[in-house]
Amino acid sequence: MLETETVFVKLGGSLITEKDQPYQVSEERLTASIKLILELQRANPGLRILVGHGSGSFGHAAAKGHNFQQGLKNESLRKGFQKVWFAAHRLHHIVLSAGQELGLSFLSFPASSGAIAHKGKITTWNIAGIQAALSQDYLPLIYGDAVMDCALGGMILSTEAQFSYLVPYLKPKRIFLLGLEAGVYSDFPARQKIISKINANERLNDRIGPSEFTDVTGGMLDKVTKMQPICRQYPGLLVHILSGNEPDALVRAYAGCSIGTQISA
């Protein structure tokens with residue numbers, strides 16, 4: 001490992017919250033997933049780690065009943081958008097506090113405070129603070145957020161979309177997406193057949209089973225299809241989808257053990 005190697009880790013919303021219970025954190029799973037990051041950090045001194053998290057039952061409950069895809073066309077949508085922003089920020093503070101208690105050096109970099117989008121895609125984001133934090137061995141923390149969009153008024157920006165934007169600047173070697181599931185299933189909800197490897201050029205609509213929960217930033221298929229283009233563009237990048245409930249999951253996956261699902265070019 002190079003001393004300055006960088007990885008991204010996402011704590012999925014379904015992992016750290018109770019997705020079927022609005023505004024409810026799973027304290028046990030949040031603590032366990034943060035400990036996985038601590039283990040990875042301790043096992044690999046010098047590794048730079050950027051962490052993101054989903055909004056789970058916070059952002060998705062706040063967004064229920066609102067369709068932001070076509071923009072903030074009326075007062076109801078504008079108020080709903082602000083509620084999503086507030087709910088996501090509320091969960092973010094909980095994650096920050098949990099990290100602080102367990103000894104992770106998180107620094108918060110909300111996309112809503114610096115990113116601007118156009119028709120759903122980030123056009124500008126001053127990430128100098130994130131880069132500086134990584135160089136000083138802090139763990140920048142981002143999250144699924146509600147950001148300003150110069151064409152739509154506002155949009156919900158997933159953690160995966162933020163990862164995609166940051167890849168060419170921060171050049172991670174690995175992206176780890178931690179969720180409830182042990183990987184990507186071809187037979188969900190039976191959960192008997194994990195797809196161990198996915199090629200970045202595959203068409204997956206008929207291969208990946210649906211997600212148990214639907215949310216405003218998409219399910220499992222959406223997460224995979226967001227990662228495939230960056231794996232094609234950066235052939236050395238590996239994306240791992242694995243369970244945040246599995247002991248030593250990050251350490252073992254980073255060391256090359258075959259667990260979960262791996263996406264690559």
Side-chain angles (χ1 to χ4, degrees), residues 2-13 37 41 46-55 58-59 62-63 68-69 71-72 78 81-97 99-100 104-177 216-218 223 226-227 229-231 233-234 236-237 239:
L2 297 175
E3 186 179 353
T4 57
E5 187 171 312
T6 300
V7 299
F8 295 174
V9 178
K10 182 195 174 183
L11 310 180
I37 299 173
Q41 189 179 47
L47 183 66
R48 294 178 176 178
I49 306 172
L50 177 135
V51 182
H53 67 81
S55 21
F58 284 70
F68 301 115
Q69 300 300 317
L72 309 183
R78 286 190 289 274
F81 182 78
Q82 190 276 337
K83 288 181 179 178
V84 173
W85 173 87
F86 182 79
H89 179 78
R90 180 179 162 195
L91 175 60
H92 185 60
H93 180 74
I94 294 171
V95 176
L96 277 171
S97 298
Q100 188 75 12
L104 271 185
S105 298
F106 280 148
L107 289 179
S108 175
F109 292 92
S112 55
S113 69
I116 298 293
H118 182 267
K119 294 185 178 179
K121 292 187 177 181
I122 302 173
T123 55
T124 60
W125 189 3
N126 185 344
I127 64 164
I130 293 177
Q131 292 169 312
L134 285 169
S135 72
Q136 295 296 322
D137 297 325
Y138 294 110
L139 282 72
L141 184 65
I142 61 175
Y143 60 99
D145 205 353
V147 305
M148 295 293 97
D149 187 298
C150 57
L152 303 175
M155 61 163 293
I156 310 301
L157 189 65
S158 71
T159 310
E160 287 84 0
Q162 294 175 53
F163 280 0
S164 296
Y165 180 85
L166 291 170
V167 163
Y169 300 100
L170 304 181
K171 297 178 173 56
K173 297 295 184 182
R174 310 278 192 94
I175 295 177
F176 299 98
L177 305 180
V216 293
T217 56
K223 295 182 194 309
K226 277 189 171 73
M227 292 294 104
I230 60 173
C231 286
Q233 189 173 359
Y234 300 92
L237 177 65
V239 175

Should the heavy atoms of other residues, nucleotides or ligands under 6.0 Å from CD of Gln82 be counted, would the total exceed 12?
yes
Could you go through the side-chain contact (heavy atoms from CB on, under 4.5 Å) check for Ile122 and Val147 one step at a time?
CA-CA 9 Å; Ile122 302 173; Val147 305; over 6 Å; no
Rounded to the nearest 0.5 Å, how far does [atom2] of [Y] lie from [atom1] of [X]?
{"X": "Lys226", "Y": "Ile175", "atom1": "NZ", "atom2": "CD1", "answer": "13.0 Å"}
{"X": "Ile142", "Y": "Phe8", "atom1": "CD1", "atom2": "CZ", "answer": "7.0 Å"}
{"X": "Ile127", "Y": "Gln162", "atom1": "CD1", "atom2": "CD", "answer": "11.5 Å"}
{"X": "Ser55", "Y": "Leu91", "atom1": "OG", "atom2": "CG", "answer": "7.0 Å"}
{"X": "Ile94", "Y": "Phe58", "atom1": "CD1", "atom2": "CZ", "answer": "4.0 Å"}
{"X": "Ile49", "Y": "Leu141", "atom1": "CD1", "atom2": "CG", "answer": "12.5 Å"}

Determine yes or no for a side-chain-to-main-chain donor-acceptor pair under 3.5 angstrom, with [X] supplying the side chain and [Y] the backbone.
{"X": "Asp145", "Y": "Ser112", "value": "yes"}
{"X": "Glu160", "Y": "Met227", "value": "no"}
{"X": "Ser105", "Y": "Leu139", "value": "no"}
{"X": "Asp149", "Y": "Gly120", "value": "yes"}
{"X": "Thr123", "Y": "Ile116", "value": "yes"}

Taking ring-ring contact (aromatic ring centres under 6.0 Å, His included) as the test, write out the residues that go with Tyr234, two or more places apart.
none
By ring-ring contact (aromatic ring centres under 6.0 Å, His included), His89 pairs with (sequence neighbours left out) Trp85
Can you name the closest pair of heavy atoms from [X] and [Y] and give their distance?
{"X": "Gln131", "Y": "Leu170", "result": "CG-CD2, 3.5 Å"}
{"X": "His118", "Y": "Cys150", "result": "CD2-SG, 3.3 Å"}
{"X": "Ile130", "Y": "Trp125", "result": "CD1-CZ2, 4.1 Å"}
{"X": "Gly54", "Y": "Lys10", "result": "N-CE, 3.7 Å"}
{"X": "Val84", "Y": "Ala146", "result": "CG1-CB, 4.5 Å"}
{"X": "Cys231", "Y": "Val239", "result": "SG-CG2, 3.6 Å"}

Hey, are the side chains of [X] and [Y] touching, using non-hydrogen atoms and a 4.5 Å cut-off?
{"X": "Leu47", "Y": "Gln41", "answer": "no"}
{"X": "Leu157", "Y": "Tyr165", "answer": "no"}
{"X": "Arg48", "Y": "Thr4", "answer": "yes"}

Take the angle between the ring planes of His53 and Tyr143 and call it parallel below 30°, perpendicular above 60°, tilted in between.
parallel
Phe163 vs Leu177, test: side-chain contact (heavy atoms from CB on, under 4.5 Å). Steps then yes/no.
CA-CA 11 Å; Phe163 280 0; Leu177 305 180; 4.1 Å; yes
